Every structure is written in structure tokens, then in C-alpha cells.
Amino acid sequence: LDTIQITGGRVVDPASGLDAEACILIHQGRVVSVGRDPISEGPLTIDASGLLVLPGLVDVHTHLRTPGEEGKEDLDSGTRAAAAGGFTTIVAMPNTDPAMDKPGLLTRMRQEAQGRAAEVLFAGAVSVGRKGISLSPLQDLARASAPMFTDDGNNIRTAGLLRQALVQCSELGVAVADHCEEPSLVYDPGIAEGPIAASMGLRGVPESAETAAVARDLAVAAETGGHIHIQHISTGTALEMVALAKARGVRVTAEVTPHHLTLTSGDVERLGSLGKVNPPLRSTRDRDALRRGLAEGTIDMIATDHAPHLASEKDCPFNEAKPGVIGLETCLSLACSLVEEGLLGWPDLARVLSLNPARLLGLDDRGRLSPGSRGDLVLIDPGARWIPRAEAYQSKSRNCPYAYLNLQLKGRVIMTLAGGRVVSGRPWTMGPG
Ligand code: DOR
């Protein structure tokens, strides 16, 4: 179907400032018009009355596990999970096997990813094998479409390597993203240092693991003028450092995960290994600071850090479990709870889940709804309530703390369109005219 129109919905597009009922017309995968009267005959019509219509969500931090660990996730399941969660563009992290450090591999994966339920971009590894010793061929990887670089899973090992990467990447016009945990301060990964860790016989991860890494990154970024992107920020102190650096004109952006916005180290008592993530869940004070930081704009975006793992890798003693939780299919609803609480407005939500992530990737044909932009849209029912059930997920993995906690979520993705195609959900009002 070449032409499709979405009528009756409340269209929220922070790029243009639109927040009103409007009809969106899409032709051959691109938005043709926003706000013109519906066409009475011809196009497939989706009635979005009572729903919010936002630009498709963009996740700059997804672990797709391919190549190498397709038992946990693959291109098919990962993009279906993305579409179910309202994401139309996702960036796959390079901690795969092999690591994403060769342009040939990147080109092959991009080809394999074509025609899926969401567009997949592949972040390049900063260092060969993510080992932190020598730089990957950044220029060739960028030419092969890497939209950013990171050694995620690992901190970029040395300040010298980071500096070289920032210098090269600023010439290439892409950001260097960093997993900010100084490894020599990570005593037991995945749990914050404190009484809960101690009660489990673990030393955990002190706040300084993050702040030391963020301080280094900001210092090197300030000096080089390169763009540093702080991944999954978890502490209020690191947030203050980012705010100060921004005020001084350092090119820094930051992302926060849905789990760091909603859970705390206190939840690890109930969740056990399901609450093990890197960086760890932290105090209520940290969580509240992150929420404020997002509302005030110091944190630029929400990113899922969707990290699928096998049941056997979570259903084991804490210190043997793999770190990470899945997040693509619950992210939007968790963000809706921030709107419900009055922390964000709908335009803010679209900004932190779509516009700002698209900007980080340098993609100006998405994250917005204007003529010429991709026909990427998410239709949301802000009043829907649901309890996530891990069995119902599109993801191959089940490591979801919210399903485990039987948490009722409010706000739900009803339909996702990518490139003008319905990739998730079912039109309930369809047909010409
Ligand atoms: O919890 C995490 N899991 N944090 C990371 O940085 C890596 C990720 C993974 O790959 O499982």
C-alpha cells in the first residue's frame, strides 16, 4: 500500500512544536503532509482517535546479540521487540562475537538487517575486539554507516585511546559513546556498594566507578572538542558533572535507562539476579536526581540498554549471573509513567525518546513528523493499563524485572509504522475513505 493516512489522533512533534489533532499523510514511505484535511477516497486510513501520534522512537542502545549469541536475540526477534515497543530505529551495540570492529562485518550485518520491522544501525567498536588496546578503523566503519562508536560493556580502556577516538570522530562528525565504569573500582559488578550488597556478601560498585570515568571523559572531550556521549548514567553526582560541563560548552550528551529511572538498589533484594545490571541500580536519591535531570534537559534521552540473556544466565547465584535486563517492550510505558507523574509533558517524551536520539545519530529524516521525513510513527493509548508478561514478549529473552514484579504499567503502544508500513499492531479501522 503506497498511501496511508492517520486521522483523528493528537499529533505530538517537538521539532515543529505541533501538539494538536492532525491528519498525517504518508506516501511511499515518507510523510507528505501533516495537518491537511483527510483525503476522503483512496488511501488506507487508520483512525487514531483518542490516541497520541508521535514520531517513531529511536533507541541508541540495544544489545541485539548478533553475530554470535542468536539464542538470546537475533535480527528478527530484536526488531519485532523494537516495533512492539514503538521503536523504528535501533542502534545495535558492538559487544558481539565477533565484535563490530570491521567494515566488512558491518556491511554484511546492515544487509542482513534490511526489510525488518525496525531499521537497525550498528555502532562500531572504538577498539579492536573492544580490548582497549588499539583503535578500530573508525573512518572505514563510519563510511560503512556506523553512526557512533563505543566499547559498550567495557569502559574505553585508556584516556589516550579515548582522546584519539574523539579527535578522529569529531572529523567524522560522529559521537564517541562510553560505558562509564572505571573497571578497577568495580569490585563486584551489577550491584551498588552499600548495605544490600554487603548483606549478600558483595562489595559492589562504588559511585566513584562512574564519577571517575565521567570526569576523565569530560576532561578529554573538553580538550579535544569532540562529542562524548555518556551511556546509561546512574548517579546524581555524575549528572552534576555533566550539567557543569554543558554549562562550560563541552560537547556532551547523556542517556538514562528506563530501569535507572524506575528501580533502585532496594529492589535488588526482591529481584535478585534480575536486578543485576551494569552500571548498577542505585539509591532512591540517585534515581530521583536522574528523573529531574531528564526533566530539566541535562539528560538528553532515554535509551533502553535492552540486554537479553538466557534464563540459565539469570537463574543462578548473583555473582555468576550476567548483567542486564530487556527493555524494548516496556520502555515507552515506563516513560509514560513520568508523564503521569507530571515530570515530563508529551512533547518532552517525544524529545527524549525520538528527536534527541535521532539528533545524536545525525539522522534528520526521523525523530520528527514533517514533509519528507520517514513514515515512522508510533500510536499510543495513554490511558491503557497492562501488566507485562514475559511469555508474551517478542524478544527471545525473558529477563524483565517489571514482569517479575507484576507491575501494572500505564500507557501502551497500539501501533507502530516504519517507513509507512504497519510493523506492529493491528489497524481496527481500515479501508478506503
Ligand atoms: O547490564 C548490562 N548489560 N550493561 C552493559 O553495559 C552490557 C549489557 C550486556 O551486554 O549484557
Side-chain angles (χ1 to χ4, degrees), residues 59-74 77-78 81 90-100 122-123 125-127 129-130 132 148-157 176-183 185-186 188-192 204-205 209-210 213-214 217 229-235 238 254-265 267-268 271-282 302-316 318-328 330-331 395-402:
D59 186 22
V60 300
H61 198 142
T62 305
H63 294 277
L64 265 188
R65 303 298 188 216
T66 184
E69 289 186 299
E70 286 82 1
K72 298 182 178 192
E73 201 76 286
D74 60 23
S77 64
I90 57 176
V91 180
M93 290 295 105
N95 61 337
T96 46
D97 185 13
M100 189 54 74
F122 293 85
V126 170
S127 65
R130 295 172 48 257
M148 63 181 207
F149 291 92
T150 173
D151 272 351
D152 184 55
N154 295 342
N155 181 231
I156 296 169
R157 195 56 305 269
V176 176
D178 197 16
H179 175 129
C180 290
E181 284 193 298
E182 160 54 42
L185 291 168
V186 176
D188 298 296
I191 188 162
V205 186
E210 179 164 285
V214 169
D217 286 14
H229 176 71
I230 308 293
Q231 296 180 292
H232 41 47
I233 192 167
S234 73
T235 64
E255 67 180 40
V256 64
T257 71
H259 42 279
H260 289 104
L261 288 170
T262 51
L263 300 172
T264 65
S265 50
D267 294 309
V268 179
L271 290 167
S273 304
L274 261 188
K276 179 172 181 175
V277 284
N278 294 342
L281 299 171
R282 294 200 176 270
I302 297 177
T304 67
D305 199 2
H306 177 82
H309 288 296
L310 300 175
S312 58
E313 294 171 330
K314 280 294 194 183
D315 197 10
C316 58
F318 193 92
N319 53 359
E320 290 167 25
K322 290 273 170 73
V325 296
I326 56 172
L328 284 169
T330 44
C331 178
S395 172
K396 277 190 187 177
S397 290
R398 301 283 174 259
N399 50 313
C400 172
Y402 308 103

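On a predicted model such as this, the values are computed, not experimentally measured, just so you know. Atoms within a ligand are numbered from 1 in the order they appear, just like the ligands themselves. Values below: every heavy atom of this structure, side chains too, minus hydrogens, waters and symmetry copies.
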> Going by atom types only, do D152 and H61 share a side-chain donor-acceptor pair under 3.5 Å?
Replying inline: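 There is such a pair between these side chains.
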
Salt bridge present between [X] and [Y] (N-O < 4.0 angstrom):
| X | Y | value |
| --- | --- | --- |
| K396 | D74 | yes |
| K72 | E313 | yes |
| K314 | E320 | no |

>> Rounded at 0.5 Å granularity, tell me how far CD in E73 sits from CD1 in I326.
In response: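 If we round to the nearest 0.5 Å, E73:CD and I326:CD1 are 7.5 Å apart.
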
>> With a sphere of 6.0 Å drawn around CG of D315, does it hold more than 12 non-hydrogen atoms of other residues, nucleotides or ligands?
In response: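 For D315, atom CG is not crowded (no more than 12 foreign heavy atoms under 6.0 Å).
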
> Listing by chain and number, which residues have a heavy atom under 4.0 Å from ligand 1?
Replying inline: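 Contacts of ligand 1 under 4.0 Å: H63, R65, N95, D152, G153, H179, H232, V277, N278, D305, A307, H309, P323, G324.
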
